[in-house]
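By convention in this document, chain letters (A, B, ...) are assigned in the order of the sequence lines, proteins followed by strands, and residues within each chain are numbered from 1. Side chains included, hydrogens not; waters and symmetry mates left out as well; all remaining heavy atoms used.
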Amino acid sequence: MLRLLLQGAFYTLVLAVAGIAGGTTLGLLLTPLGFLRARPLRAFYHVFIFFTRGTPLLVLALLIFYGLPAMNFSQGPYVAGTIVLTIYSSAFFAEVFRGGVLAIQRTHLESGRSLGLAPLAFLRRIIAPLALRYALPPYVNVCVMMVKASSILSIISVWELTLAAREIIERTLLVFTALGIAAGLYFIMCFGVDRLGRRVERHLMRRGFVGERV
Amino acid sequence: MRFLNWLAAYGPSYGSGLGWTALIALWASVGAIVWGSVLLLIRLSGRRWVNLAVEGYVQLFRNTPVLLSIYLIYFGFPLIGVVWPAVICGGLALVLQNGAYISEILRGGVKAIDLVQFDAAKSLGLSGWGTFRKVVLPQVLVYALPSLGNQVILLVKDTSLLSAISVAELTMNAKLLTEQTGAAYEAFVVVAVLYLLLVVVLELAARSALRAVRWRPRYDAL
């Protein structure tokens, strides 16, 4: 039983990492839309965020799970699961990044601009490091959230930790043992992600990159 | 057009699911706020080991998925001789989970109050209850209401997970309709819109609640 659960935990971790990687990429692509002058693009950004964050993950998962085959795209549960997590987390990540940019003090932006940096250098040298500073703690929170959220994919028959636990329950009726071990494994993973995030934060802080108020 | 036909044919059948979702969300969020306050009170007045126990509880629930506690209660309680309907089991899991979060939110609100204020309250001759009622509560509400509103919204979205233990709420409703009619996505689009409506209503309610409790200086009292 322990082997099955550990295997499930591995799949959960893979799904979460894939979802976080995809969500971060998509989020980074979305964030600039929220700052553009063009109103339709900004509106698209806000509508996307509103829809994705306002509907439960399970509804999004079922929509994609039933909807993809109807569009003649069926690549199995893991691809569908990763797509679900990517879309869902991208909305949260985009808002985290946007919050990071918004938290930058006006004076920093103005002094950056007064240095006469080219737009790309301005983005790379001023905005990105400062936004990272503010966005890292909530970023880690969303990552923990995604590890937990991946459990919902068990409902659309993606085999991971929660589904492994359910199968064991259905076969052996060892409810407390199976769910207890599963809860322990989730705890280790979430706590691990949290700690890892804090260590990265501390590491960056030592290099004067993140952290102290400027 | 296809979508409108769908809405005309099956729209009314979402009614009962919506009712159940609203009912579960209501009792679970009231329960979670009460449970969160109880946890906070235990923590504020507790001894060291009680503190540690509450802290452990909060960490445990913050780092495990809700779905797991839903299964634990739904499949586990019958084994120890407690047979409750799925709605109660699922709602209880939501209360336990969100209570942990809410106690942390409220604790943040209490911690934001300057310690000097407690000395000031004492020197004004306020009793324990008077301090809570006149000094602590008004400020905690202002600090905590936005996060509290967010938490309730998360809870409403999490009620969809009860469909996994066959509670006949909105998501279950849509799942059944999809399986009956073979439609690919229409059922879930309608449900998504209904959830969005619930979220918008809650957001507006939270905003007006914040307006109602926000402290304004009363110059006439000076």
Side-chain angles (χ1 to χ4, degrees), chain A residues 12 47 50-72 141 144-156 160-163 165-166 168-170 173-194, chain B residues 21 56 59-80 97 150 153-165 169-175 177-179 182-200 202-203:
Chain A
T12 290
V47 168
F50 172 69
F51 270 94
T52 319
R53 297 209 310 178
T55 48
L57 177 56
L58 179 57
V59 173
L60 187 71
L62 290 168
L63 194 64
I64 287 174
F65 182 66
Y66 285 106
L68 280 187
M71 300 192 311
N72 288 321
N141 281 345
V144 172
M145 201 178 99
M146 282 309 130
V147 175
K148 294 192 290 174
S150 68
S151 71
I152 290 169
L153 298 179
S154 69
I155 298 173
I156 58 165
E160 37 65 85
L161 185 51
T162 305
L163 197 56
R166 255 203 92 152
I168 291 170
I169 291 172
E170 274 153 22
L173 271 183
L174 292 170
V175 176
F176 295 107
T177 331
L179 289 177
I181 295 173
L185 290 172
Y186 272 115
F187 188 87
I188 292 169
M189 286 190 280
C190 293
F191 212 68
V193 170
D194 196 53
Chain B
T21 291
Q59 285 298 344
L60 183 67
F61 274 91
R62 286 213 318 184
N63 289 303
T64 49
V66 215
L67 193 55
L68 228 54
S69 17
I70 292 175
Y71 285 155
L72 187 71
I73 293 176
Y74 182 67
F75 293 122
F77 272 27
L79 293 185
I80 53 171
Q97 176 98 11
N150 278 341
I153 287 173
L154 286 177
L155 189 152
V156 170
K157 294 199 298 171
D158 276 349
T159 59
S160 67
L161 297 181
L162 299 203
S163 66
I165 54 170
E169 44 66 72
L170 265 180
T171 308
M172 191 64 183
N173 216 329
K175 231 157 115 182
L177 277 179
T178 300
E179 272 151 28
Y185 51 85
E186 288 89 341
F188 296 115
V189 172
V190 175
V191 159
V193 170
L194 288 175
Y195 276 113
L196 285 171
L197 277 179
L198 282 177
V199 168
V200 168
L202 280 171
E203 224 152 66

Would a 4.5 Å heavy-atom cut-off, applied to side chains only, mark A:Ser151 and B:Leu68 as touching?
no

Min side-chain heavy-atom separation B:Val191-A:Leu63 under 4.5 Å:
no

Residue pair B:Ala164 / A:Arg166: nearest heavy atoms and the distance that separates them
O-NH1, 3.8 Å

Can a side-chain donor-acceptor contact be found between A:Tyr66 and B:Glu179 if the only test is distance below 3.5 angstrom?
yes

Checking B:Leu79 against chain A: side chain, backbone, both or neither under 4.5 Å from a heavy atom?
side chain

Which one, B:Leu161, B:Thr171, B:Val189, leads in non-hydrogen pairs under 4.5 Å with chain A?
B:Leu161

Any idea which heavy atoms bring B:Tyr71 and A:Ser154 closest together, and the distance?
OH-OG, 4.5 Å

With a 4.5 Å limit on heavy-atom distance, are the side chains of A:Met145 and B:Leu154 in contact?
no

If I measure from the heavy atoms of chain A, does B:Glu203 come under 4.5 Å with its side chain, its backbone, both, or neither?
neither

Could you tell me the separation between the OG atom of B:Ser160 and the CD1 atom of A:Ile155, rounded to the nearest 0.5 Å?
7.5 Å

Scanning both residues in full, the closest heavy-atom pair of A:Val59 with B:Tyr195 reads CG2-CE1, 3.6 Å

Using a 4.5 Å cut-off on heavy atoms from C-beta on, say whether the side chain of B:Phe188 contacts that of A:Thr55.
no

To the nearest 0.5 Å, how far apart are CZ in B:Phe75 and CG in A:Leu179?
8.5 Å

Let me know if A:Phe65 has heavy atoms under 4.5 Å from chain B in its side chain, its backbone, both or neither.
neither

Mind checking the OG1-CD1 spacing from B:Thr64 to A:Ile188? Nearest 0.5 Å is all I need.
12.5 Å

Between NZ on residue A:Lys148 and CZ on residue B:Arg62, distance to nearest 0.5 Å:
8.0 Å

Heavy-atom count check: over 12 atoms from other residues, nucleotides or ligands less than 6.0 Å from A:Phe176 CZ?
yes

OH/A:Tyr186 to CG/B:Leu67 distance, rounded to the nearest 0.5 angstrom?
8.0 Å

If I measure from the heavy atoms of chain A, does B:Val156 come under 4.5 Å with its side chain, its backbone, both, or neither?
neither

Residue part contacting chain A, namely of B:Leu60, when any heavy atom lies under 4.5 Å
both

Interatomic distance, NZ@B:Lys175 vs CG@A:Leu58, rounded to 0.5 Å, equals 6.5 Å

Would you mind checking which part of B:Ser69 comes under 4.5 Å of any heavy atom in chain A, side chain (CB onward), backbone (N, CA, C, O), both or neither?
neither

Heavy-atom pairs under 4.5 Å with chain B, option from A:Val144, A:Leu68, A:Val147, A:Ile152 with the top count:
A:Ile152

